[in-house]
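Here the structure is laid out as structure tokens; the discussion comes afterwards.
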Amino acid sequence: MTRIEHVHARQVLDSRGKPTVEVEVTCAGRHVGRAIVPSGASTGQFEACELRDGDANHYDGAGVLRAVSNVTDEIASAVLGLDAVDQKTFDRRLCELDGTPNKSRLGANAILGVSLETAYAGASAVGIPLVEHLHTLWRRCRRTRAAATGAKSGPVTIGRTAGLGRDMLLPLPMVNMISGGLHAGRNLDVQDILILPVGAESYSQALEWIVRVYRRLGRLLTDAGCEGYLIGDEGGFGPKLTDNEQALQFVVRAIEAAGLRPGDDVALGLDVASTHFFRDGKYHLTRNSLSPSAGGSSLSAAEMVDLLEQWCDRYPLISIEDGVADDDWNGWKLLTEKLGRRVQLIGDDLFVTNRERLQRGVDTGVANSVLIKVNQIGTLWETLETLALAIDAGYWPVVSARSGETEDATIADLVVATGAGQIKVGSIARSERLAKYNQLLRLEEQLADRAGYLGGRIFRQANLKSQISNPQ
Ligand code: 2PG
Ligand code: MG
């Protein structure tokens with residue numbers, strides 16, 4: 001048993017210059033790394049609560065000094081002496097101490113910092129790298145779940161999720177090329193136009209293709225007079241375009257300019273983040289000129305789904321996140337009925353990494369994939385539990401960063417350790433993004449044959465790719 005001896009926290013800044021919580025734990029007389037908490041801009045209303053000071057004279061109210069003192073006072077006293085290796089008991093203690101359903105008393109930012117940092121302490125106590133320790137925790141979580149539910153410890157849906165979640169896997173990266181929505185001053189309605197290098201044979205090859213496409217895209221945008229050098233919060237280009245669909249066309253052209261085949265080598269993904277333009281039961285699009293048949297700029301859920309279907313017909317799209325809003329369960333049902341056999345439908349704002357919300361989705365047949373963000377739920381163990389539920393239910397997990405990030409690269413180790421199969425951490429510009437991509441390169445080298453790579457085969461297993469039509 002390795003007991004927590006000291007917990008320290010401080011306020012540091014994230015990639016948008018916004019304060020966030022950094023935590024350090026001392027075990028066996030030494031510091032063991034540090035964890036820094038990320039923060040979203042397009043946050044879902046059902047996420048765990050991020051505690052901000054609200055003092056207008058200090059970082060415009062965004063300070064986290066209360067969260068920091070919650071760590072150093074109440075949380076530190078409660079966890080001193082606990083075993084750093086027993087993450088489940090540790091995280092339960094944190095949840096009980098907070099006592100609210102959404103961690104609003106102590107703050108999910110305070111709690112997550114301590115939870116993640118304890119994983120570093122646990123790894124150091126056992127004397128193994130973080131990724132190995134997380135893999136042990138993941139296996140323990142799946143065994144616990146299997147014992148509780150009577151389910152076999154392994155994917156229940158053979159074929160669709162074969163290989164996912166079983167062993168360590170380098171992930172298929174889903175990478176932001178063009179940023180819109182809240183991440184780029186609402187230049188576009190859609191928040192992210194992403195690429196998935198499904199034809200790459202390894203993680204490092206995937207990364208090289210991504211960089212190639214990104215560079216070609218910058219040149220194409222610049223040549224077209226569309227500011228191919230301005231970048232959004234996550235490092236994707238933030239051009240002022242007249243239409244959402246124009247962004248898709250630019251990315252397809254960039255893939256071709258990179259000498260790669262749209263669809264077969266590199267497919268497209270979207271994070272529509274539609275919750276953020278959903279009001280009074282309508283989806284209010286401001287950049288929709290190319291699709292007038294979809295019914296103008298204020299669309300019903302059915303028209304929104306039709307628009308997404310048209311895009312799937314015209315472009316090699318294989319993944320759509322938050323195509324409809326986080327509380328539009330009927331819209332989600334419709335979307336899943338129309339496109340669920342054809343594309344990956346990711347619930348982000350919809351599920352907020354929350355087991356109960358994901359279970360509702362599974363029970364009602366809504367979506368087929370879930371975004372996993374550690375700070376949406378607030379502890380590592382709960383994150384693992386949601387991942388385990390997703391894998392058992394045949395939902396593809398995509399581990400994701402936030403738009404406000406730091407040099408903390410824990411999620412790179414997490415995605416490999418759990419074999420989740422896919423990761424989304426923004427573009428390949430900005431160091432808080434590269435911190436994760438580079439850690440994955442290290443893990444690829446260090447783990448060698450111990451970690452597999454399914455890459456785009458995840459999609460082939462579901463026979464999705466054969467249904468993707470070529471772009472015009
Ligand atoms: C998302 C994330 C990351 P944010 O919507 O998926 O792209 O954005 O962190 O702002 O919620
Ligand atoms: Mg999202």
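As the structure is a computational prediction, the values presented were derived from the model and not from experiment. Counting starts at 1 for both ligands and their atoms, in listed order.
- Under a 3.5 Å cut-off, the side chain of Gln359 and the backbone N or O of Arg355 do not form any donor-acceptor pair.
- For Ala206, the side-chain contact (heavy atoms from CB on, under 4.5 Å) partners two or more places apart in sequence, or in a different chain, are Pro173, Pro197, Ala200, Tyr453.
- With no hydrogens or angles considered, a side-chain donor-acceptor pair links Glu382 and Thr379 at under 3.5 Å.
- By the side-chain hydrogen bond (donor to acceptor under 3.5 Å, both in side chains) test, Asp98 is found to be paired with Thr100, residues two or more places apart in sequence or in another chain being considered.
- Looking at His8 and Glu117, their side chains never bring a donor and an acceptor atom within 3.5 Å of each other.
- Inclusion of Asp348 in the first shell of the Mg ion (ligand 2) is supported: an N, O or S atom falls under 2.8 Å.
- In summary, no N, O or S atom of Asp322 is located under 2.8 Å from the Mg ion (ligand 2).
- Rounding to 10 degrees gives 90° for the angle at the Mg ion (ligand 2) between OD2 of Asp271 and OE2 of Glu321.
- A heavy-atom cutoff of 4.0 Å around ligand 1 is satisfied by the protein residues Gly40, Ala41, Ser42, His183, Gln191, Asp192, Glu234, Asp271, Glu321, Asp348, Leu371, Lys373, Ala401, Arg402, Ser403, Lys424.
- Rounding to the nearest 0.5 angstrom, the gap separating the CG atom in Asp413 from the CE atom in Met168 is 10.0 Å.
- Remark: Phe278 engages Tyr283 in a ring-ring contact (aromatic ring centres under 6.0 Å, His included) (not counting sequence neighbours).
- Just one residue in the list Thr242, Asn244, Asp243 forms a side chain to side chain donor-acceptor pair (under 3.5 Å) with Gln246, and that residue is Thr242.
- Taking backbone and side chain together, Asp349 holds no N, O or S atom under 2.8 Å from the Mg ion (ligand 2).
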